[in-house]
Amino acid sequence: MQKIKIGLLGFGTVGSGVWKILQENKKIIGKNCGYEVEVSKILVQDMTKKRDGIEQKDIFTDNPKDILEDPAIEIVIEVMGGIEPAREYILKAIENRKHIVTANKALIATHGDQLIHAAKKAQVELCYEASVAGGIPIIHAIKESLSANRIYNIMGILNGTTNYILSKMTAENMDFETALKEAQGKGYAEADPTSDVEGHDAVYKLTILARLAFGSYVHFEDVYREGITKITPIDIEYAKELGYVIKLLAIAKEEEGKIALRVHPTFVPQQHPLAAVGDAFNAVFVKGNAVGDLMFYGRGAGDLPTGSAVLGDLINIIKKKDLQKRLYENGFDQNSKRVIRMEENQSEYYVRLLVKDVPGVFGKVATEFGRHGVSLSSVIQKGREEPSVSLVFVTHETTEQNVQMAIKDIVNISEVVKLANLIRVEKMS
Ligand SMILES: NC(=O)c1ccc[n+]([C@@H]2O[C@H](COP(=O)([O-])OP(=O)(O)OC[C@H]3O[C@@H](n4cnc5c(N)ncnc54)[C@H](OP(=O)(O)O)[C@@H]3O)[C@@H](O)[C@H]2O)c1
């Protein structure tokens, strides 16, 4: 069997997963791509680090030129993470006519357009399946298998860490801090969990999916973002009582040529398939005008699941190489669809207020909602947090602007202590 040489940039969680799969599934991979895949060099930062399971110590280098400028290396796998120098290295590899596979969501979301154009110009492939939802082949599904559809709705649980935290909080009545500590103990959350718990990671992934699904250039800063740090066990209990589960959803919807892009905690009906996605799993719910509803479910991180996606891309590139015909990304239709402002967003809302336990307060709050055109579908009042009580409202569908203006006036009512939480209730149909 002929050999094909590849270079790895990075040998951390994902890089070592790629290596393990290449060893373990050598025969299957060879059969599926028609070549023996040989890793020529691996770029790392710390040459003194112990690397288990690798005998050829000279395979490691800390000089990127050993990979980027080696003419024998045809494909470069970037699994080092971060923006720089990953961007610089990928551009250099592209300039040297090497195909690229990357798992780097932050890089693709922030500089994807530049990299895609460079790859197109150099007539090389740039693949990034592992950048969204780890092992779930959602990018291939959207780009290839669903390409006869107009995709108009994507709702994803795209961050395993936050899903683990919310699942723990829901199942075991834990508070956020305790659940976060557990997630860190299990290796699901980083020491600095900001990117996950504040929703940045999900924003990057949603940006990538929305570009592909809507064929429209989307800037990651256009995505509305709210993390899960404000979710309390009380909100989770009310959600249960009202028939919902709280999930951090990444939502991309297209309606009448405009797109809505948001990442925020969301009330998901208990009977919806996304509500059953527990632990650190990821899931992506997609609606296409021909295929209808689809749900993809699996592991969104980890060495082997992510390595599986990286190597799927690698095998596809090798297969295409022999077809003499390359399929290039067409680039995006710049600004063809307007991203709607969050104020225009339509949703139902769960609003929990802390109020003084005195008569008449419900009437005053309801009047303010009414004055701003917000009608109410449910109200729950219970004396749980003495001396204040929680007053919970679920609204009918209204705009973000209406609800925010109503809240602004409601928090000024003298009997209202504070807005304890506001969570969007997603319409799933
Ligand atoms: N972890 C996951 O489950 C997962 C899932 C999906 C996508 N991803 C993405 O995959 C990428 C890699 O993630 P990871 O978790 O595998 O990262 P990681 O464990 O931190 O590994 C990073 C690797 O890159 C090397 N590296 C970092 N900066 C370098 C530099 N400037 N020069 C040379 N080598 C450098 C490190 O070298 P040393 O070993 O010498 O420190 C290490 O081997 C990221 O973009 C991440 O977002 C990860």
Side-chain angles (χ1 to χ4, degrees), residues 7-21 39 41-54 57 59-68 76-90 92-93 100-112 115 126-139 156-164 183-184 186-196 200-205 207-209 220 279-282 284 298-314:
L8 280 183
L9 304 179
F11 199 74
T13 306
V14 183
S16 58
V18 165
W19 177 269
K20 273 186 229 158
I21 302 171
V39 179
K41 278 279 174 223
I42 303 173
L43 179 75
V44 291
Q45 214 162 12
D46 180 358
M47 291 290 282
T48 63
K49 220 186 248 182
K50 204 169 164 281
R51 316 275 173 181
D52 290 333
I54 300 203
K57 296 299 169 203
I59 201 168
F60 291 103
T61 177
D62 56 4
N63 182 357
K65 286 185 179 167
D66 291 346
I67 293 175
L68 307 177
V76 170
I77 296 182
E78 185 274 307
V79 281
M80 52 193 272
I83 306 292
E84 298 293 357
R87 187 187 67 102
E88 181 199 329
Y89 292 173
I90 289 179
K92 190 75 201 160
I100 308 291
V101 178
T102 175
N104 195 329
K105 67 213 93 162
L107 182 62
I108 294 296
T110 55
H111 295 83
L115 300 178
L126 170 73
C127 299
Y128 45 89
E129 180 64 71
S131 66
V132 179
I136 302 176
I138 185 65
I139 290 187
I157 295 174
L158 299 179
N159 182 270
T161 310
T162 45
N163 200 47
Y164 178 84
Q184 283 168 326
K186 287 203 153 209
Y188 290 150
E190 314 251 336
D192 175 3
T194 314
S195 174
D196 292 324
H200 298 280
D201 174 81
V203 163
Y204 289 145
K205 293 166 178 168
T207 303
I208 297 169
L209 288 185
F220 75 98
D279 204 55
F281 278 88
N282 280 22
V284 191
R299 293 205 178 271
D303 56 351
L304 300 181
T306 314
S308 155
V310 166
L311 289 172
D313 276 347
L314 180 87

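Whatever order the structure lists them in is the order used to number ligands and atoms, beginning at 1.
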Q: For residues T61 and N63, is any side-chain donor paired with an opposing acceptor at under 3.5 Å?
A: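 The answer is no; no qualifying pair exists.
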
Q: Excluding sequence neighbours, so at least two apart, what forms side-chain contact (heavy atoms from CB on, under 4.5 Å) with E88?
A: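 Only E84, P85 meet the side-chain contact (heavy atoms from CB on, under 4.5 Å) criterion with E88.
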
Q: Can you name the one residue among I108, I138, V284 that meets side-chain contact (heavy atoms from CB on, under 4.5 Å) with V132?
A: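 When side-chain contact (heavy atoms from CB on, under 4.5 Å) is applied between V132 and each of I108, I138, V284, only I138 qualifies.
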
Q: Using the ring-ring contact (aromatic ring centres under 6.0 Å, His included) criterion, which residues pair with Y89? Sequence neighbours excluded.
A: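 ring-ring contact (aromatic ring centres under 6.0 Å, His included) check on Y89 returns nothing, list empty.
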
Q: Hey, which residues fall under 4.0 Å of ligand 1 on heavy atoms?
A: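 Only G10, F11, G12, T13, V14, L43, V44, Q45, D46, K49, R51, V79, M80, G81, P85, A103, N104, K105, A130, A301, G302, T306 have heavy atoms that fall under 4.0 Å of ligand 1, ordered by chain and number.
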
Q: Going by the rule side-chain contact (heavy atoms from CB on, under 4.5 Å), which residues pair with D201 if we only count those two or more places apart in sequence or in a different chain?
A: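 Scan of D201 (side-chain contact (heavy atoms from CB on, under 4.5 Å), adjacent residues dropped) gives K105, N159, S195, D196, K205.
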
Q: Knowing that exactly one of L8, V79, N104 qualifies, which makes a side-chain contact (heavy atoms from CB on, under 4.5 Å) with V14?
A: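 It is V79, the one option of L8, V79, N104 that forms the side-chain contact (heavy atoms from CB on, under 4.5 Å) with V14.
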
